[in-house]
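Written below as structure tokens is the structure these notes are about.
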Amino acid sequence: MSNPTLTTADPRTLTPNPWNTNIVGPDNEAKIDASIKRLGMFKPIVVRTLASGELQILGGEHRNGSAIRLGMTEVPIVNLGQISDKKAKEIGLVDNGRYGSDDTLLLTKLLEEIGTPAELGAFLPYSDSEFESIFASSTIALDDLDFPDEGTPTPSPSTTAAPQTHVIMRFKVPVGDSATITDAIERTMKRQRFTDEDSLTNAGHALVHIIGNLA
């Protein structure tokens, strides 16, 4: 593969590839449009040069479509030159993929610093339910948790509903302690290999493990 070339092109001259598995609906198209209006086209479109001379998109097809909808006549591109179909498909998969998961506490703090869920939901790639889960993870005090009174029998689970396996427990902690708690949870997740489920569940397993060692 030749050295990548950073340049610009008219988005209407770029050709989508036929194997892109990333499907984006109208709601997320609107978010991409809003993000480009707000932040600009800061991430180049990744392309390769076909034998015909056409530039084929390997990464950024939906951003390119947004640029066309917004009437842009020039977008930044990174041209990888003439590369094989196999290499092009590998690059496309890596561009669409994401390694790792968010540290929920740090993500919540970051989002709170830049806006409300209503504001951020207009252009960030998170759904309403994801925002609800993110912001709920660190905003309710212990006094708000509903613990049964001592001696009150716990109701039996419904025979028709699936048994509940997890509950989101939410706490407020001093800002100065949040980094220490987050670091302890992350180290435990890595050490104990709590990586098979979503980030909230993995963090919960780590917290239970830490408390179990203290008991």
Who passes side-chain hydrogen bond (donor to acceptor under 3.5 Å, both in side chains) against [X], sequence neighbours left out?
| X | result |
| --- | --- |
| R12 | none |
| T7 | none |
| T73 | none |

What are the two closest non-hydrogen atoms of [X] and [Y], and how far apart are they?
| X | Y | result |
| --- | --- | --- |
| M189 | A206 | CG-CB, 3.6 Å |
| W19 | N17 | N-OD1, 2.9 Å |
| P4 | V78 | CB-CG1, 3.7 Å |
| N64 | P11 | ND2-O, 3.0 Å |
| D10 | T13 | O-OG1, 2.6 Å |

Subject >> Side-chain hydrophobic cluster, 4.5 Å single linkage: members besides I23 >> reply: none
**OP:** Report the C-alpha distance between I36 and M72 in whole Å, list the side-chain angles of each, state the deciding distance to 0.1 Å, and finish with yes or no for side chain to side chain contact (heavy atoms under 4.5 Å, CB included).
**Re:** CA-CA 11 Å; I36 292 176; M72 298 174 65; 4.1 Å; yes
**OP:** Please state whether the rings of H205 and F194 are parallel, tilted or perpendicular, taking 30° and 60° as the class boundaries.
**Re:** tilted
**OP:** Could you go through the salt bridge (charged side-chain N to carboxylate O under 4.0 Å, His left out) check for E186 and K190 one step at a time?
**Re:** CA-CA 6 Å; E186 286 184 337; K190 292 176 183 178; 5.4 Å; no
Original post:
Is any side-chain heavy atom of L80 closer than 4.5 Å to a side-chain heavy atom of Q56?
Top reply: no
Subject >> Residue pair L14 / V75, side-chain heavy-atom distance below 4.5 Å >> reply: yes
How long is the straight-line distance from [atom2] of [Y] back to [atom1] of [X], given to the nearest 0.5 Å?
| X | Y | atom1 | atom2 | value |
| --- | --- | --- | --- | --- |
| I185 | N202 | CD1 | CG | 11.5 Å |
| K87 | D85 | NZ | CG | 12.5 Å |
| E54 | T15 | CD | OG1 | 4.0 Å |
| K37 | S66 | NZ | OG | 8.5 Å |

Subject >> Test side chain to side chain contact (heavy atoms under 4.5 Å, CB included) applied to L111 and L106, T116, L120, the passing residue >> reply: L120
Original post:
Out of N79, I57, I77, L58, which residue meets the side chain to side chain contact (heavy atoms under 4.5 Å, CB included) rule with V46?
Top reply: L58
**OP:** Applying salt bridge (Lys or Arg N to Asp or Glu O under 4.0 Å), name anything that partners D33, two or more places apart in sequence or on another chain.
**Re:** R69
Tell me whether [X] shares a hydrophobic cluster with [Y], the cluster being built from Ile, Leu, Val, Met, Phe, Trp, Tyr side chains joined at under 4.5 Å.
| X | Y | result |
| --- | --- | --- |
| M41 | L70 | yes |
| V47 | L6 | no |
| L124 | L107 | yes |

Report, one line per pair, each donor and acceptor closer than 3.5 Å where one atom sits in a side chain of residues 90-97; sequence neighbours left out.
unit_1: E90; atom_1: OE2; unit_2: K86; atom_2: NZ; d: 2.6
unit_1: N96; atom_1: ND2; unit_2: N20; atom_2: OD1; d: 3.0

